[in-house]
Amino acid sequence: MERPAQQAMAPSAASPEPFDLAQRMKQLGLERDPSPFSCCPIGNLVVIPDNHEAALFMCGSYKGTVKTSGLHCIGVFEHAEIISMKKFTLDCNKVKVLDLKGNPVLISGVATYRATSAKKPITD
């Protein structure tokens, strides 16, 4: 395998051409700037991160749940409440209590919990 000539690898002294947005848009077949809402002309866009779900509400009543992460189009009058589905850990430090005879007893614990549904934390 031959190495390219040293002159071909050297950077050229001429400055690169400036980026022409109008020309690039014509190459892509776009006549004008795309609208940010063109993918969802009737509705709202909502972004759902990983390990999250969204409960959809219309006029205060529950309408459904979006369980997949990503960009989703929802109705104009719908509102999305995003809920984290990750596990939470609650560490209870040592607490000294007395039993019936008056002897001290040390109590500690670890509780792990997570949401099982996007609807329950909001409506209950």
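For clarity, every value in this text was computed on a predicted model and none was experimentally measured.
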Atom pair [atom1] ([X]) and [atom2] ([Y]), whose distance is rounded to the nearest 0.5 Å:
X     : Y     : atom1 : atom2 : value
His52 : Ser84 : NE2   : OG    : 4.0 Å
Glu78 : Met58 : CD    : CE    : 4.5 Å
Glu53 : Thr68 : CD    : OG1   : 9.0 Å
His72 : Ile48 : NE2   : CD1   : 4.0 Å

Q) Are Val110 and Leu90 close enough that some pair of their side-chain heavy atoms sits under 4.5 Å apart? A)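 Of all side-chain heavy-atom pairs linking Leu90 with Val110, none is under 4.5 Å.
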Q) Can you find a heavy atom in the side chain of Ile82 that is under 4.5 Å from one in the side chain of Val46? A)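 Yes; the side chains approach each other to less than 4.5 Å.
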**Q.** Minimum heavy-atom distance between Lys86 and Arg114, given as atom pair plus value
**A.**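 Taking Lys86 first and Arg114 second, the nearest heavy atoms are O-CB, 3.6 Å.
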Q.
Minimum heavy-atom separation for Ala118 and Ile83, please, with both atom names.
A.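 Answer, listing the atom of Ala118 first, then Ile83: O-CG1, 3.8 Å.
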Q: Check the hydrophobic clustering (I, L, V, M, F, W, Y; side-chain heavy atoms under 4.5 Å; chains of links allowed) and say if Val95 and Leu98 are grouped together.
A: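 No; tracing contacts between hydrophobic side chains, which count when under 4.5 Å, never links both residues.
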Q: Sequence neighbours left out, what passes ring pair (Phe, Tyr, Trp, His ring centres under 6.0 Å) with Tyr62? Give chain and number order.
A: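 With sequence neighbours excluded, Tyr62 shows a ring pair (Phe, Tyr, Trp, His ring centres under 6.0 Å) to Phe57, given in chain and number order.
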(Q) Check whether Ser117 reaches the backbone of Lys119 with its side chain - one donor and one acceptor, N or O, closer than 3.5 Å. (A)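 Flag set: sc Ser117 to bb Lys119 pair under 3.5 Å.
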Q. Does any N or O in the side chain of Asn44 come within less than 3.5 Å of the main-chain N or O of Val76, such that one atom is a donor and the other an acceptor?
A.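 Checked: pair present.
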Q | Residues that Thr112 engages under side chain to side chain donor-acceptor pair (under 3.5 Å), provided they are two or more places apart | A |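 Scan of Thr112 (side chain to side chain donor-acceptor pair (under 3.5 Å), adjacent residues dropped) gives none.
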Q. Partners of Ser69 by side chain to side chain donor-acceptor pair (under 3.5 Å), sequence neighbours excluded?
A.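 If we apply the side chain to side chain donor-acceptor pair (under 3.5 Å) test to Ser69, skipping adjacent residues, the hits are Asp50.
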